[in-house]
Amino acid sequence: MKNLVRPTLLALVITVTAGCSQEPNLSAVDPKWDRDVCERCKMLLSDKNFSSEVINPTDGKHYFFDDLGCALNWLAEDKNKSWALKAIVFANDAKTGEWLDISKNYLALGYITPMSYGIAVFKSKDQISSDKKLISVKEAYEHALEVKKMKAQIKAQMKQ
């Protein structure tokens with residue numbers, strides 16, 4: 001019996017240690033469509049062409065959003081996130097639904113999105129309509145913050 005205790009404990013320690021040392025998953029994953037909710041506005045995630053995902057690069061935690069504007073505002077709002085500037089942000093390709101890293105693809109304004117931020121992401125510049133405005137990631141953040149301010153003003157006026 002004594003001879004079995006040490007090997008069993010050693011196997012248990014190796015198993016637990018191996019499970020803890022895994023690298024975090026920094027790739028996009030699908031949410032549970034029509035079940036998971038947006039981290040910011042709590043709407044269901046159902047639009048596979050305008051949803052987004054933020055990944056904390058330190059622990060691999062995935063956060064889902066129904067609109068890229070919600071994700072960008074959420075990152076900007078939470079001052080306590082030491083990882084926010086290093087966050088990996090994915091969004092669905094507006095044509096194919098494929099997850100795209102927004103820093104490596106094309107963003108454009110002028111689209112109808114779930115929360116009316118109007119930002120779409122594309123794998124190819126050729127997919128963007130000529131009547132839409134190509135923007136940088138920095139401009140997307142600025143636009144999302146501006147839309148948030150406008151929504152707050154409208155809400156305040158409606159209360160009056």
Would you say N92 and E53 make side-chain contact, with heavy atoms under 4.5 Å?
no
Heavy-atom neighbours of K42 NZ exceed 12 at 6.0 Å
yes
May I ask you to test the D66-C41 pair for a side-chain heavy-atom distance under 4.5 Å? yes
dist Q160:CD -> Q157:CD (nearest 0.5 Å) comes out at 6.5 Å
- Query: So, K133 side chain and A108 main chain: donor-acceptor pair closer than 3.5 Å or not?
  - Reply: no
Scanning both residues in full, the closest heavy-atom pair of A87 with P57 reads CA-CD, 3.9 Å
Is it the case that atom NZ in K48 sees more than 12 heavy atoms from other parts of the structure closer than 6.0 Å? no
Does H62 use its side chain to pair, donor to acceptor, with the backbone of N25 at less than 3.5 Å? yes
Here the gap from T96 atom OG1 to N49 atom CG, rounded to the nearest 0.5 Å, amounts to 7.5 Å
Nearest heavy-atom approach of F50 to A94 is CE2-CB, 3.8 Å
Taking every heavy atom of G60 against every heavy atom of L26, the minimum-distance pair comes out as CA-CD2, 4.2 Å
* Test the K61-Y63 pair against the cation-pi criterion, namely NZ or CZ under 6.0 angstrom from the six-membered ring centroid and within 45° of the ring axis. => yes
Under 4.5 Å between side-chain heavy atoms, hopping through other hydrophobics if needed: is there a path connecting W74 to F64?
no
Same cluster for Y117 and M43 if Ile/Leu/Val/Met/Phe/Trp/Tyr side chains link at under 4.5 Å? yes
Interatomic distance, CG@L134 vs CD@E139, rounded to 0.5 Å, equals 8.5 Å
When rounded to the nearest 0.5 Å, the distance separating NZ of K86 from OG1 of T58 is 7.5 Å
Looking only at heavy atoms, the pair that brings S136 and L107 closest together is O-CD2, 4.5 Å
In V54, N73, D36, L75, the residue satisfying side chain to side chain contact (heavy atoms under 4.5 Å, CB included) with F65 is V54
(Q) Is there a side-chain contact between M115 and R40 in this structure, where contact means two heavy atoms from C-beta onward sitting under 4.5 Å apart? (A) no
Partner of F90 under side chain to side chain contact (heavy atoms under 4.5 Å, CB included), picked from L100, I55, I102, is I55
_Count I, L, V, M, F, W, Y as connected when their side-chain heavy atoms are under 4.5 Å apart, and connections chain through other members. Are Y111 and Y106 then in the same cluster?_
yes
- Message: Just by distance, no angles: are the side chains of D93 and W99 close enough, under 3.5 Å, to form a donor-acceptor pair?
- Response: no
Evaluate K151 against I154 for side-chain contact (heavy atoms from CB on, under 4.5 Å), listing each step before the verdict. CA-CA 5 Å; K151 286 181 176 186; I154 290 168; 5.7 Å; no
task: Check the hydrophobic clustering (I, L, V, M, F, W, Y; side-chain heavy atoms under 4.5 Å; chains of links allowed) and say if I135 and L72 are grouped together.
output: yes
Value for NZ (K95) from NZ (K123), rounded to nearest 0.5 Å, stands at 15.5 Å
ask   = Okay, side chain of S129, backbone of D131: is any donor-acceptor separation there less than 3.5 Å?
value = no
message: Quiz question: by atom type and distance under 3.5 Å, do the side chains of T113 and D67 form a donor-acceptor pair?
response: yes
Rounded to the nearest 0.5 angstrom, the CG-OG distance for L68 and S52 is 5.0 Å
Do L45 and V29 belong together in a cluster built from hydrophobic side chains that touch within less than 4.5 Å? yes
